[in-house]
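Presented below is the structure to which this report refers.
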There are 2 protein chains.
Amino acid sequence: MIKKAKITIKDVANAAGVSTQTVSRVLNNRPDVAPETRETVQSVIRELGYAPNIIARSLSSGRTNTIGVVGFGLEYYGPAKVLTGIEKKAAEYGYSVMLALLDKYDQEHIEKVLTQFIAQQVIGIIWAIPGFTDSMELVAQITDALEIPMALLNRPPVKKKLVLSVDNREGARLAVRHLQEQGYQHIGIITGPMSWWEAQERLAGWRETVGKSSNLHKLVFEGDWTVESGDCGFEALFNANPNLDAIFVSNDQMSLGVIQAANRNGLKIPENLGIVGFDNVPESKFYFPALTTVHQPARHLGGLAVIRLDQCIRHEYSEDCINDGENMVVPDLIVRRSSVREES
Amino acid sequence: MIKKAKITIKDVANAAGVSTQTVSRVLNNRPDVAPETRETVQSVIRELGYAPNIIARSLSSGRTNTIGVVGFGLEYYGPAKVLTGIEKKAAEYGYSVMLALLDKYDQEHIEKVLTQFIAQQVIGIIWAIPGFTDSMELVAQITDALEIPMALLNRPPVKKKLVLSVDNREGARLAVRHLQEQGYQHIGIITGPMSWWEAQERLAGWRETVGKSSNLHKLVFEGDWTVESGDCGFEALFNANPNLDAIFVSNDQMSLGVIQAANRNGLKIPENLGIVGFDNVPESKFYFPALTTVHQPARHLGGLAVIRLDQCIRHEYSEDCINDGENMVVPDLIVRRSSVREES
DNA sequence: CTGTTAGCGCATTCAC
DNA sequence: GTGAATGCGCTAACAG
């Protein structure tokens, strides 16, 4: 495969009979070019099939238009949707997206990814990794030193940092209030792993809403997001609370486990047991019964991260005026069969 | 936020009392540097926290280490896993990954993405988009003109092109043969949209295996990958074939629809109806009953794409010696409850 | 409005 | 082994 020598701005300039500078102006849509000159240059560009070398442009101008995205657990629905939202909005804003996936979450791997992005001269970074409370310090420490605009997703607010999150606590409140309105009285919770900030927030929202009781802890089971753990959670909660009549389950996969465990035990949903999940994965609509669940606007969150990051990059948004409220996206409740008792 | 002036190779050279070339040599692990000099330079690099500017390196050397990945439908399990496989292997091989997502599949959008990648000087491209037969021509035409190593995923073999696929046909054969071995006699199929090559291949594998019959077409229902269409497919197939006793369903989501339709109609799985799905999504293990399904090694496919692309880039693998067999990854059957009748 | 000069940070020649 | 010159393709700052 013989490569045609790449055509450069110089070739275009020669062919058009102008200087490279003029071509550069046309490429960058500068106003100070005579309309005819512009036309001529543009037609030459088209004829030659010229495409500017972004690498050279970046080196010369001292800035890239690449944002680095650090992702995690793409095989899950939420993270994949966040990434989709990021990419779409980035493309719209003219940014390229460089992707790095993290699976180990220690200093070595974090530094490696960040070093790579810095070497690539990314103009901003989106840290699309769930907040694990056990490594919060580590991330803060490393990113503090960074002098690149950075958006952190789904973790507790940090002073002077751009953090964007789904309002998990409010989502949990919505779920529990709905169950209460449906007449359920003893509402348990299956949480995610407590090392996840999101899991903690959902638990907090539940706790706020169910009210006080001396035996609240008996209503809590810590799962690990898997279907299996939902199944276990069902068994454990019922053993501890024979009069349990509803469960707020912190994600949809675990809800599936609960549904199946309930079926196995001859419990009717929603008559004997009300269930609300979290995520609104596409399948949840087709669980049996259809699952009431909290919809996370994950895609919107990703898009918003790009918008804010862009504002930071253009110095139109500073850490000093960060207001948590505007960087919280609010989930909403999708009511389906699993939590609605028939009128009798 | 005051930016420290970026430190360059020059700063390192000055601080170490050597020339920039020597630093460059150390950076690139060239052999022709005195051990002591190397040590000195390395310690200076560490002290200053210097990180090489990859942009400058790329311009100077005339090659990047960036591969462009064009993706589609990340919110689905398969594509997300493929992307994960690509990223992991790319990182291992020292490539950066630039990601672009396509949702519209017309000439304009395709060209836009490709133009962007070329401008970014990517050294190779992975086209991780399902083969839609209605736009096969378009892609071929556009990529033919491209003089960049390129891997195409999950589409029909093209002469002189690097194409990597899951062996969908073999996957379907495995599924149908298994059903036959379990004693099922009348095996229908719910396909994906026939505009997808993967759907066609699964259909072909089914057809090869079920044997001849004059009324084969009555055993086929075209779905659209959604749970809903699985439900519809169940109804349609049973109306057309009262003696149907098994269905090969072309993905797991549709299988869920079938399972629920069967439950609703009082049909027992696997006693009255055997089901085999395709994909092996994590939930399929917890469907009720647990779903027998064809596991796609999607992650492996992504990794293999990087390996082959790397070989092409290094000219160790040429289009002339492409052998389809070695670029087909073979799925395997995960046998669970939904297709295994108890011995009586 | 347009051209000239300079330099981005690094790697690739070649000298020494 | 090491250093000096040169240029990658482009844009910024000036001059005209």
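Computed from heavy atoms alone, side chains included, the values below leave out hydrogens, waters and symmetry copies. Please read all numbers here as calculations on a predicted model, not as lab measurements.
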Measure centre to centre between the rings of B:Phe132 and B:Trp197, then say whether the value is under 6.0 Å.
no

Within the modelled atom types, does a donor on one side and an acceptor on the other bring the side chain of A:Ser60 and the base of C:dG7 under 3.5 Å apart?
yes

Is it true that atom CD of B:Glu39 has more than 12 heavy atoms of other residues, nucleotides or ligands lying nearer than 6.0 Å?
no

A:Arg30 near the nucleic acid: base, sugar-phosphate alone, or nothing, with a heavy-atom cut-off under 4.0 Å?
sugar-phosphate

What nucleotide among C:dT4, C:dC8, D:dT2 has an atom nearest to a side-chain atom of A:Leu59?
C:dC8

B:Asn53, nearest nucleotide to its side chain (from D:dT2, C:dG9, D:dC10)
C:dG9

Both B:Lys10 and A:Arg38 contact DNA chain C. Taking the nearest nucleotide for each, which residue is further toward the 5' end?
A:Arg38

Roughly how many Å is it from CD in B:Glu39 to P in D:dG1, rounded to a whole number?
15 Å

Just to be sure I understand the rule, does B:Val23 reach a base, reach only the sugar-phosphate, or reach nothing, if contact means heavy atoms closer than 4.0 Å?
nothing

From C-beta outward on A:Thr22, which listed nucleotide comes closest to its side chain: C:dT2, D:dT11, D:dG3?
C:dT2

Would you call A:Asp310 and A:Lys89 a salt bridge, using N to O less than 4.0 angstrom?
no

Testing D:dA4, D:dG9, C:dT4 for proximity to the side chain of B:Ser19, the answer is D:dA4

I'd like to know if the side chain of B:Asp106 and the backbone of B:His109 have a donor-acceptor N/O pair within less than 3.5 Å.
yes

First of B:Thr37 and B:Ala56 reached from the 5' end of DNA chain D, by closest nucleotide
B:Thr37

Let's see if you can work this out: which of D:dT11, D:dG3, D:dC10 has an atom nearest to the side-chain heavy atoms of B:Gln21?
D:dG3

Rounded interatomic separation in angstrom, taking CG from B:Asn14 and P from C:dG9:
13 Å

Whole-Å distance, B:Ile55 CD1 to C:dA11 P, equals 13 Å

Counting just side-chain N and O atoms, does B:Tyr50 come under 4.0 Å of either OP1 or OP2 of C:dG9?
no

Given D:dT2, D:dT11, C:dA11, identify the nucleotide with an atom nearest to the side chain of A:Leu27.
D:dT11

What is the separation between atom CZ on B:Arg25 and atom P on C:dT13, rounded to the nearest whole Å?
12 Å

Closest to the side chain of B:Arg57, out of D:dA12, C:dC1, C:dC10, is C:dC10

Grab the CG-C1' distance between B:Asp11 and C:dC8 for me, whole Å please.
13 Å

Looking only at side-chain N and O atoms, does B:Thr64 offer a donor or acceptor that is under 3.5 Å from a partner on B:Gln120?
no

Please state how far atom CG in B:Asn65 lies from atom C1' in C:dA11, giving the value in whole angstrom units.
15 Å

Taking for A:Ile9 and for B:Asp32 the nucleotide of DNA chain D with the nearest heavy atom, the one nearer the 5' end belongs to B:Asp32

